Amino acid sequence: MEEVREYRALFAVDIVGSSGRGDVALEQIRQVLSAAVHASFTRGGVDWDDCLRHDLGDGMRVVAPAGTPETSLIHPLVHELTARLRAHNVLAGKPTRIRLRMALHAGSVQVGRDGTVSGRPLEVLARLLDAEPVRAALAQAPDATTALLVSEHFHETAVCQGRPGIEPAAFRRVDVREKEFAGSAWLHVPAYGGTPQSAGSAPDRTAPDADAPAGNTKVISKASGHGVIYALGNGTMNIGGKQ
């Protein structure tokens, strides 16, 4: 089978605490996650149909098309995805609420004509997704919906330049030791509403708790930065702006 080696940006997500929810709830959250990731890639200008997508059971891996700017996978994608999942969580019951670990890496991989992808960068991506620092970040910040870990290489190429929407100060260097992988990575916990927040900073206490009953939610409006407004109040949700 003919394969080509290409440099690709790699994105992976895993749903926190997916086991024990039952098949019906898991299928629902998988559908919500798939739709949210699809919409977030599209809003970031990445052609979803050209992405190579792989089901991970309680998550997914996406290999972006060749030539995709790494920066677009952080902003607007990460912040857009976070905002969409928070909007979902406000009205969702506890079994279908979603919190995500996310990982980003990039490198040269083997791409088969049938869409299969292989290579060491995928192994690094998997280790980042399972790494203790990103797990601990969500455990220590119950108000956070997502936590992101990016490789040292991805940080150098996509974060350090401080492009609009990406704040280098919102990323904290951490050590990762997972199976055969050992190295440094950079942790980012998006603040409520999709704006950057450095790991370990105080959560936004004006935001509704993801585990609180939706009907008692205080009226709050949050913008993703791309014209999408999430207005939450009295158990209702309105999403405006161009989709």
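Note that the numbering runs from 1 along the sequence shown for the chain. This is a predicted model, so every value here is computed, not measured.
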*Measure the spacing between CZ of Arg86 and CZ of Arg99 and express it to the nearest 0.5 Å.*
9.5 Å

_Main-chain N/O of Trp48 paired to Arg53 side chain as donor or acceptor, under 3.5 Å_ = yes

_Looking at Arg21 and Leu26, would you say the former's side chain and the latter's main chain have a donor-acceptor pair under 3.5 Å?_
no

*Are any of the side-chain heavy atoms of Leu148 and Thr82 separated by less than 4.5 Å?*
no

_Less than 4.5 Å apart, side chain to side chain, heavy atoms only: is that true for Ile74 and Phe171?_
yes

*Side-chain touch Trp186/Val159, heavy atoms, less than 4.5 angstrom*: no

_Between Arg163 and Ala158 (side chain of the first, backbone of the second, donor and acceptor by atom type, cut-off under 3.5 Å), is there such a pair?_
no

*Derivation and outcome, side-chain contact (heavy atoms from CB on, under 4.5 Å), residues Thr96 and Val32*: CA-CA 9 Å; Thr96 55; Val32 170; over 6 Å; no

*Salt-bridge contact Glu123-Arg120 (side-chain N to carboxylate O under 4.0 Å)*: yes

*asked:* Is any side-chain heavy atom of Leu10 closer than 4.5 Å to one of Leu104?
replied: no

*So, the side chain of Thr42 versus the backbone of His38: is there a donor-acceptor pair under 3.5 Å, distance only?*
yes

*For the residue pair Ile98 and Asn89, establish whether any side-chain heavy-atom pair is separated by less than 4.5 Å.*
yes

_Salt bridge or not between Arg30 and Asp58? Use side-chain N to carboxylate O under 4.0 Å._
no

*Examine His79 together with His188 and report whether their ring centres are nearer than 6.0 Å.*
yes

*asked:* Would you say that Ser72 contacts Leu77 through its side chain, given a criterion of any heavy-atom pair below 4.5 Å between the two side chains?
replied: no

_Over 12 foreign heavy atoms within 6.0 Å of CG, Asp55_ = yes

*Charged N to carboxylate O under 4.0 angstrom, Glu132 versus Arg177?*
no

*Stepwise, does the side-chain contact (heavy atoms from CB on, under 4.5 Å) test hold for Asp14 with Leu56?*
CA-CA 8 Å; Asp14 188 84; Leu56 301 180; 5.6 Å; no

